Amino acid sequence: MERTLILVKPDGVQRCIAGEILSRLERRGLKIAGLKMLQLDTALAEKHYAVHKEKPFFNDLVKFITSGPIIAAVLEGENAIESTRQTMGATDPKKAAPGTIRADLGINMEHNLIHGSDSPENAEKEIGIFFTPGEVLTYSRDIDKWLTGS
């Protein structure tokens, strides 16, 4: 099983469509292994976007992601990263394929609702930024056990 991190950005939370976003990912067969709502401070936002530190849009990324609450989730499933990225669509909603989250619900490049890890290495790093090991369950081991009562 592969894991990925997604962030429902402040625009998704503010527009009350976080449930729709998560639901679309669950319908793709991904399972939620960790979930929390939080307000990022500048230091955590800069850590998350460190890969973009030298790019001209870095400050805008940090300003936007800290502008309101976000929802962070760890998703688990077969090909979780690829499935998530296909479901999200292209960064620019105008260029995203019809039926994707960003094409259907996104407004523009800055307000594109969702972040998703782009590689297994980044997923592991990003999950570690937002979750402690005890906050992430292994779906097949922990949740199925709870659901079946065994």
Side-chain angles (χ1 to χ4, degrees), residues 1-139 143:
M1 287 292 161
E2 187 174 67
R3 287 187 173 162
T4 191
L5 176 90
I6 66 113
L7 301 177
V8 178
K9 295 178 183 181
D11 54 331
V13 174
Q14 188 268 335
R15 290 174 53 202
C16 299
I17 56 175
E20 168 70 16
I21 292 167
L22 290 168
S23 177
R24 287 180 180 219
L25 293 162
E26 285 185 303
R27 287 195 306 261
R28 283 291 306 260
L30 299 166
K31 294 177 172 51
I32 298 172
L35 182 70
K36 64 169 80 171
M37 180 180 255
L38 63 153
Q39 174 75 48
L40 292 186
D41 61 24
T42 301
L44 190 57
E46 287 177 348
K47 184 175 182 180
H48 174 67
Y49 285 127
V51 67
H52 299 299
K53 189 155 183 76
E54 301 304 320
K55 295 181 181 164
F57 54 83
F58 176 76
N59 289 332
D60 290 336
L61 285 175
V62 171
K63 183 178 177 183
F64 177 63
I65 202 75
T66 59
S67 69
I70 65 162
I71 293 175
V74 177
L75 303 178
E76 183 177 278
E78 300 266 338
N79 300 312
I81 295 167
E82 182 181 340
S83 293
T84 297
R85 295 191 66 78
Q86 287 176 353
T87 306
M88 288 172 23
T91 304
D92 183 347
K94 291 179 180 84
K95 296 178 182 174
T100 63
I101 291 167
R102 288 175 171 154
D104 293 350
L105 305 170
I107 294 172
N108 57 37
M109 284 279 287
E110 183 180 54
H111 297 97
N112 63 18
L113 303 171
I114 185 170
H115 163 84
S117 302
D118 63 2
S119 69
E121 298 78 24
N122 282 338
E124 184 177 346
K125 182 178 81 172
E126 292 174 351
I127 290 167
I129 291 171
F130 291 94
F131 292 88
T132 64
E135 293 176 318
V136 180
L137 301 176
T138 299
Y139 196 91
I143 297 173

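The structure displayed is predicted, hence computed values, not measured ones.
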### Glu46 side chain vs Val62 backbone, donor-acceptor pair below 3.5 Å
no
#### Entry: Side-chain donor/acceptor of Asp104 to backbone N/O of Gly99, under 3.5 Å
yes
### Query
Is there a donor-acceptor contact under 3.5 Å from the side chain of Arg15 to the main chain of Pro10?
no
### Query
Is there a donor in the side chain of Thr87 and an acceptor in the side chain of Arg24, or the other way round, less than 3.5 Å apart?
no
### Query
Is it the case that more than 12 heavy atoms not belonging to Glu135 sit under 6.0 Å from its CD atom?
yes
### Query
Which atom pair, heavy atoms only, marks the closest approach of Asp11 to His111?
OD2-C, 3.0 Å
### Query
Does a side-chain heavy-atom distance below 4.5 Å link Ile21 with Leu113?
yes
### Query
Is there side-chain contact between Met88 and Ile114, with heavy atoms separated by less than 4.5 Å?
yes
### Query
Charged N to carboxylate O below 4.0 Å: is that the case for Glu76 and Lys31?
no
### Task
Please determine if Lys36 forms a cation-pi arrangement with Phe131, meaning its NZ or CZ atom is less than 6.0 Å from the six-membered ring centre and no more than 45° off the ring axis.
yes
### Task
Check for a donor-acceptor pair, side chain of Thr100 on one end and backbone N or O of Ala97 on the other, with a separation under 3.5 Å.
yes
### Query
Is His115 close to Ile6 at the side-chain level, that is, under 4.5 Å between some pair of heavy atoms?
no
### Query
Hey, are the side chains of His48 and Ile65 touching, using non-hydrogen atoms and a 4.5 Å cut-off?
no
### Message
Testing the basics here: between Met109 and Pro93, what is the closest heavy-atom pair and its distance to 0.1 Å?
### Response
N-CD, 3.9 Å
### Message
Keeping Ser67 on the side-chain end and Phe64 on the backbone end, is there a donor-acceptor pair under 3.5 Å?
### Response
yes
### Message
Counting only heavy atoms not in Lys95 (residues, nucleotides, ligands), do more than 12 fall under 6.0 Å from its NZ?
### Response
no
